[in-house]
Undergrad: 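Have a look at this one.
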Amino acid sequence: MTEHTRNTRDTRNNQNARKARGTRNARDTERNGNAGRTRGTGGHGSGTHDVVVVGGGAAGLSAALVLGRARRRTLVVDAGEPRNAPSSHMQGYLSRDGMAPAEFLAVGREEIARYGVELVRDRVTDVTRDGDVTRGGDVTRDGDFTVVLGAGRTVRARRLVVATGLQDELPAVPGVAERFGRDVLHCPFCHGWEVRDEPFGVLAAGPASVHQALMVSQWSKDVTLFLHTVAEEELSGQDLRRLAAAGVDVVPGEVAELLVEDDRLTGVRLAGGSVHARSVLYVAPRPVPRTDLLERLGAAMDETPFGTYPVVDPTGLTTVPDVWAAGNAIGFAEQVVHAASGGYRAAAAIVGDLLMADLDAAVTG
């Protein structure tokens, strides 16, 4: 792990040098382009943003970057509650492998600022919409959005990107919340390499936790599945055969607490008193999507085993016209790299959509 950390630090130093050079070039571009940035407002008031992005994580910042570069007046409203805040690093993002989540977001904020995107640390408390817009006697599309912020500010937007993410609801076992993101983990793709070959535990949250135990066995051959509140008879014959083939031990009985010494996880204590030495524990949090705004706007939602998420097209467009969603707001399995990609796709679609709306407005007068 120490060698891995040194390598990623050297990589980031090289990236920072390139970033500094890029910043100077981008500032020159911004100075040249700012004069025309609001030219695409399509007759809307000067106080109206082209796009308000709700959420300043990977998806929201990625969308804002594309929109800013397309010279669209963009506001990002960020409540500052990223899902991966407990983690010291993120993995699997090409060129950003090993970067701290806080550093990733800081770099993203610097990048969107180069293109005149405004970011405010606040929370959107309400979104409403004007009536239909009538042009030339025909109703052409719905009106602008009124976005209310917690601090009292009200802004208007022609399009919305909802990238509010989700919250992980952890099992109520003493020690789990305190160690989450350190040696209590949920994703082997995010952290498996860093803890490879250590003694793993898996805290069952239901029969589906068998899958998690099988998956993490690729990173360690010393894996114990603690059934916790799951009865042995809830596991199928195929589950038991696969667990045996993977070398996963199955331990029945409720987990009472985690044992910690010198700020390191050392074991799992069962309610019956037995202690099992483990240095890593995988859990399966219950994902709670932050989709209140989408539901308030009337977006169609889809019930899944991992929460309720909006129905979206391949660009992230919801069933509400002019409202896109991206990142963990559309699915619990969206990693940082997926979220950034989704924000990009949504923003690119919005840029084209706004252009066509402005051109149609100019044609019809």
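These numbers come from the heavy atoms of this one structure, side chains and all, not from hydrogens, waters or symmetry mates.
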Undergrad: Do Phe332 and Val337 sit in the same hydrophobic cluster, where Ile, Leu, Val, Met, Phe, Trp and Tyr count as joined when their side-chain heavy atoms come under 4.5 Å apart?
TA: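 Different hydrophobic clusters.
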Undergrad: Taking all atoms of both residues into account, what is the closest heavy-atom pair of Val223 and Ala213, and its distance?
TA: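 Taking Val223 first and Ala213 second, the nearest heavy atoms are CG1-O, 4.2 Å.
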Undergrad: Please determine whether the number of non-hydrogen atoms from other residues, nucleotides or ligands lying under 6.0 Å from atom CZ of Arg264 exceeds 12.
TA: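 Not more than 12 within 6.0 Å, no.
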Undergrad: Assess the side chains of Asp222 and Ser220: does a donor N or O sit below 3.5 Å from an acceptor N or O?
TA: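 Ser220 and Asp222 do not have a side-chain donor-acceptor pair below 3.5 Å.
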Undergrad: Please collect all ring pair (Phe, Tyr, Trp, His ring centres under 6.0 Å) contacts where either partner lies in residues 159-178, sequence neighbours excluded, each pair once.
TA: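 Listed once each, the pairs would be none.
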Undergrad: Under 6.0 Å from the CZ atom of Arg156, do we count more than 12 heavy atoms belonging to anything else shown?
TA: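 More than 12 heavy atoms, drawn from other residues, nucleotides or ligands, come within 6.0 Å of this atom.
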Undergrad: Between Leu225 and Val268, is there a shared hydrophobic cluster once you connect ILVMFWY residues whose side-chain heavy atoms come closer than 4.5 Å?
TA: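 Different clusters: Leu225 never reaches Val268 through Ile, Leu, Val, Met, Phe, Trp or Tyr contacts under 4.5 Å.
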Undergrad: Does a side-chain N-to-carboxylate-O contact under 4.0 Å join Glu118 and Arg73?
TA: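 Judged by the 4.0 Å cut-off on N to carboxylate O distance, Glu118 and Arg73 do not form a salt bridge.
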Undergrad: Are side-chain heavy atoms of Val280 and Leu185 found at a separation under 4.5 Å?
TA: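 Yes. Closest side-chain heavy atoms under 4.5 Å.
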Undergrad: With distance as the sole test, does Arg290 use its side chain to make a donor-acceptor pair with the main-chain N or O of Leu166 at under 3.5 Å?
TA: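 Such a contact is found between Arg290 side chain and Leu166 backbone.
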Undergrad: Kindly say whether Leu270 contributes a backbone atom to a donor-acceptor pair with the side chain of Ser274 at under 3.5 angstrom?
TA: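 Absent.
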Undergrad: To check you understand the geometry: which heavy-atom pair defines the closest contact between Pro174 and Ala256, and what is its length?
TA: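 Scanning both residues completely, I find the closest heavy atoms to be CD-O, 3.2 Å.
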Undergrad: I'd like to know whether Glu81 forms a side-chain contact (heavy atoms from CB on, under 4.5 Å) with Gln167, so could you lay out the CA-CA distance, the side-chain angles of the two residues, the decisive distance to 0.1 Å, and finally the verdict.
TA: CA-CA 9 Å; Glu81 299 172 347; Gln167 180 179 359; over 6 Å; no
Undergrad: Taking transitive links into account, so neighbours of neighbours count too, which hydrophobic residues share a cluster with Leu297 at under 4.5 Å side-chain distance?
TA: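 Answer for Leu297: Val52, Val54, Leu75, Val77, Val120, Val124, Val127, Phe145, Val147, Leu149, Val155, Leu160, Val162, Leu293, Leu294, Val320, Val323.
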Undergrad: Let me confirm one number: the CG-CG distance from Leu355 to Asp360, rounded to the nearest 0.5 Å.
TA: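 Reported to 0.5 Å precision, the distance equals 9.0 Å.
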Undergrad: Within the structure provided, determine whether Pro310 and Ile330 are in side-chain contact (heavy-atom separation under 4.5 Å).
TA: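 Side chain of Pro310 against side chain of Ile330, heavy atoms only: contact under 4.5 Å found.
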Undergrad: Report yes or no: does His211 contribute a side-chain atom to a donor-acceptor pair with the main-chain N or O of Ala208 at less than 3.5 Å?
TA: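 A pair under 3.5 Å: no.
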Undergrad: Keeping the roles fixed (side chain from Glu178, backbone from Gly175), state whether a donor-acceptor pair exists under 3.5 Å.
TA: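 Present.
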Undergrad: Where is the tightest heavy-atom contact between Gly68 and Thr74, given as atom of each residue plus distance?
TA: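 Closest approach of Gly68 to Thr74: N-OG1, 4.4 Å.
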Undergrad: So which heavy atom on Gly60 is nearest to which on Ala163, and how close?
TA: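 Scanning both residues completely, I find the closest heavy atoms to be N-CB, 3.7 Å.
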Undergrad: Do Thr146 and Asp130 make a side-chain contact, defined as non-hydrogen atoms from C-beta onward lying under 4.5 Å apart?
TA: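 Yes, close enough: below the 4.5 Å cut-off.
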Undergrad: Look at the side chain of Ser62 and the backbone N and O of Ala340, then say whether any donor-acceptor pair between them is shorter than 3.5 Å.
TA: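 Pair found, side chain donor or acceptor close to backbone of Ala340.
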Undergrad: May I ask you to decide if Val283's main-chain N or O and Gln212's side chain share a donor-acceptor pair within less than 3.5 Å?
TA: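 Checked: pair present.
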Undergrad: Check whether the side chains of Ser236 and Asp239 place a donor and an acceptor atom closer than 3.5 Å, and report yes or no.
TA: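 Yes, because at least one side-chain N or O of Ser236 sits under 3.5 Å from a partner of the opposite role on Asp239.
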Undergrad: Quick one about Trp324 and Thr315 (side-chain donor to acceptor, distance below 3.5 Å, no hydrogens or angles considered), yes or no?
TA: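 Short answer, yes.
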Undergrad: Step by step, work out the salt bridge (Lys or Arg N to Asp or Glu O under 4.0 Å) result for Asp126 and Arg296.
TA: CA-CA 8 Å; Asp126 196 16; Arg296 196 173 306 165; 3.3 Å; yes
Undergrad: Could you report the tightest heavy-atom contact between Ala339 and Gly327, atom names first, then the distance?
TA: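 What the structure gives for the nearest pair is CB-CA, 3.8 Å.
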Undergrad: Any salt bridge linking Asp50 with Arg71? Criterion: basic side-chain nitrogen under 4.0 Å from a carboxylate oxygen.
TA: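 Arg71 and Asp50: not salt-bridged.
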Undergrad: Are the charged groups of Arg129 and Asp322 less than 4.0 angstrom apart, N to O?
TA: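 Salt bridge present between Arg129 and Asp322.
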Undergrad: I want to check something: taking the side chain as every heavy atom from C-beta on, are Asp168 and Arg83 in contact at a cut-off of under 4.5 Å?
TA: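 With C-beta onward as the side chain, the pair touches.
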Undergrad: Output every pair passing side chain to side chain donor-acceptor pair (under 3.5 Å) with a member in residues 341-350, not counting sequence neighbours, ordered by first then second residue.
TA: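 The answer is Ser341-Arg345.
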Undergrad: Find the distance between CE (Met99) and CZ (Arg96) and round it off to the nearest 0.5 Å.
TA: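 Spacing of CE (Met99) from CZ (Arg96) equals 5.0 Å.
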Undergrad: Which of these passes ring pair (Phe, Tyr, Trp, His ring centres under 6.0 Å) with Tyr282: Phe226, Trp219, Phe180, Phe200?
TA: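 Among the candidates, only Phe200 passes.
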Undergrad: Decide side-chain contact (heavy atoms from CB on, under 4.5 Å) for Ser87 and Arg182; before the verdict, give the C-alpha distance in whole Å, the side-chain angles of both, and the deciding distance to 0.1 Å.
TA: CA-CA 7 Å; Ser87 299; Arg182 302 165 68 186; over 6 Å; no
Undergrad: Walk me through whether Leu281 and Arg179 qualify under side-chain contact (heavy atoms from CB on, under 4.5 Å).
TA: CA-CA 9 Å; Leu281 182 70; Arg179 308 300 304 177; over 6 Å; no
Undergrad: Any donor and acceptor pair, going by atom type alone, linking the side chain of Thr304 with main-chain N or O of Gly307 inside 3.5 Å?
TA: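 Yes; judged by distance alone, with no hydrogens or angles, the pair exists.
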Undergrad: Could you tell me whether Glu198 and Arg278 have a side-chain N and a carboxylate O separated by less than 4.0 Å?
TA: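 Salt bridge absent between Glu198 and Arg278.
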Undergrad: So, do Tyr93 and Phe104 have ring centers that fall under 6.0 Å from each other?
TA: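 Centroid separation for Tyr93 and Phe104: below 6.0 Å.
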Undergrad: Heavy atoms, side chains only, cut-off 4.5 Å: are Met301 and Val311 in contact?
TA: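 No, side chains not in contact.
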Undergrad: Quick check on the hydrophobic clustering: are Leu203 and Leu214 connected, directly or via other members, by side-chain heavy-atom contacts under 4.5 Å?
TA: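 Leu203 and Leu214: separate clusters.
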Undergrad: Side chains of Val202 and Thr224, heavy atoms from C-beta outward: is any pair under 4.5 Å?
TA: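 No. Closest side-chain heavy atoms not under 4.5 Å.
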Undergrad: Which of these passes side-chain contact (heavy atoms from CB on, under 4.5 Å) with Arg69: Val66, Leu65, Leu67?
TA: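 Considering Val66, Leu65, Leu67, a side-chain contact (heavy atoms from CB on, under 4.5 Å) with Arg69 is found only for Leu65.
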Undergrad: How close do Ala64 and Val117 get, heavy atom to heavy atom, and via which atoms?
TA: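 Scanning both residues completely, I find the closest heavy atoms to be O-CG2, 3.5 Å.
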Undergrad: With a 4.0 Å cut-off on N to O distance, would you call Arg158 and Asp358 a salt bridge?
TA: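 Counted as a salt bridge, because a side-chain N and a carboxylate O are separated by less than 4.0 Å.
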Undergrad: Determine, stepwise, if the pair Leu265 / Leu258 fulfils side-chain contact (heavy atoms from CB on, under 4.5 Å).
TA: CA-CA 7 Å; Leu265 176 67; Leu258 305 189; 3.8 Å; yes
Undergrad: Side-chain donor-acceptor pair under 3.5 Å between Asp97 and Gln91, yes or no?
TA: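 Per modelled atom types, Asp97 and Gln91 side chains form a pair under 3.5 Å.
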Undergrad: Can you check whether Val148's main-chain N or O pairs, donor with acceptor, with Thr125's side chain at less than 3.5 Å?
TA: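 A pair under 3.5 Å: yes.
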Undergrad: When you measure from the side chain of Asn84 to the backbone N and O of Pro101, does any donor-acceptor pair fall under 3.5 Å?
TA: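 Pair absent, no side-chain N/O of Asn84 close to backbone of Pro101.
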Undergrad: Tell me whether Tyr309 shares a hydrophobic cluster with Val161, the cluster being built from Ile, Leu, Val, Met, Phe, Trp, Tyr side chains joined at under 4.5 Å.
TA: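 No, Tyr309 and Val161 fall in different hydrophobic clusters.
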Undergrad: Considering residues, nucleotides and ligands other than Arg242, do more than 12 of their heavy atoms fall under 6.0 Å from its CZ?
TA: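 Open.
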Undergrad: Report yes if the side chains of Leu61 and Asp78 come closer than 4.5 Å at any heavy-atom pair, otherwise no.
TA: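 Side-chain contact under 4.5 Å: no.
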Undergrad: Test your reading of the model: is there a side-chain donor-acceptor pair from His228 to the backbone of Val255, 3.5 Å cut-off?
TA: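 Flag set: sc His228 to bb Val255 pair under 3.5 Å.
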Undergrad: Hey, are the side chains of Arg159 and Leu354 touching, using non-hydrogen atoms and a 4.5 Å cut-off?
TA: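 Sidechains of Leu354 and Arg159: in contact.
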Undergrad: Is there a path from Val195 to Val248 through hydrophobic residues (I, L, V, M, F, W, Y) whose side chains come within less than 4.5 Å of each other?
TA: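 Both belong to a single hydrophobic cluster.
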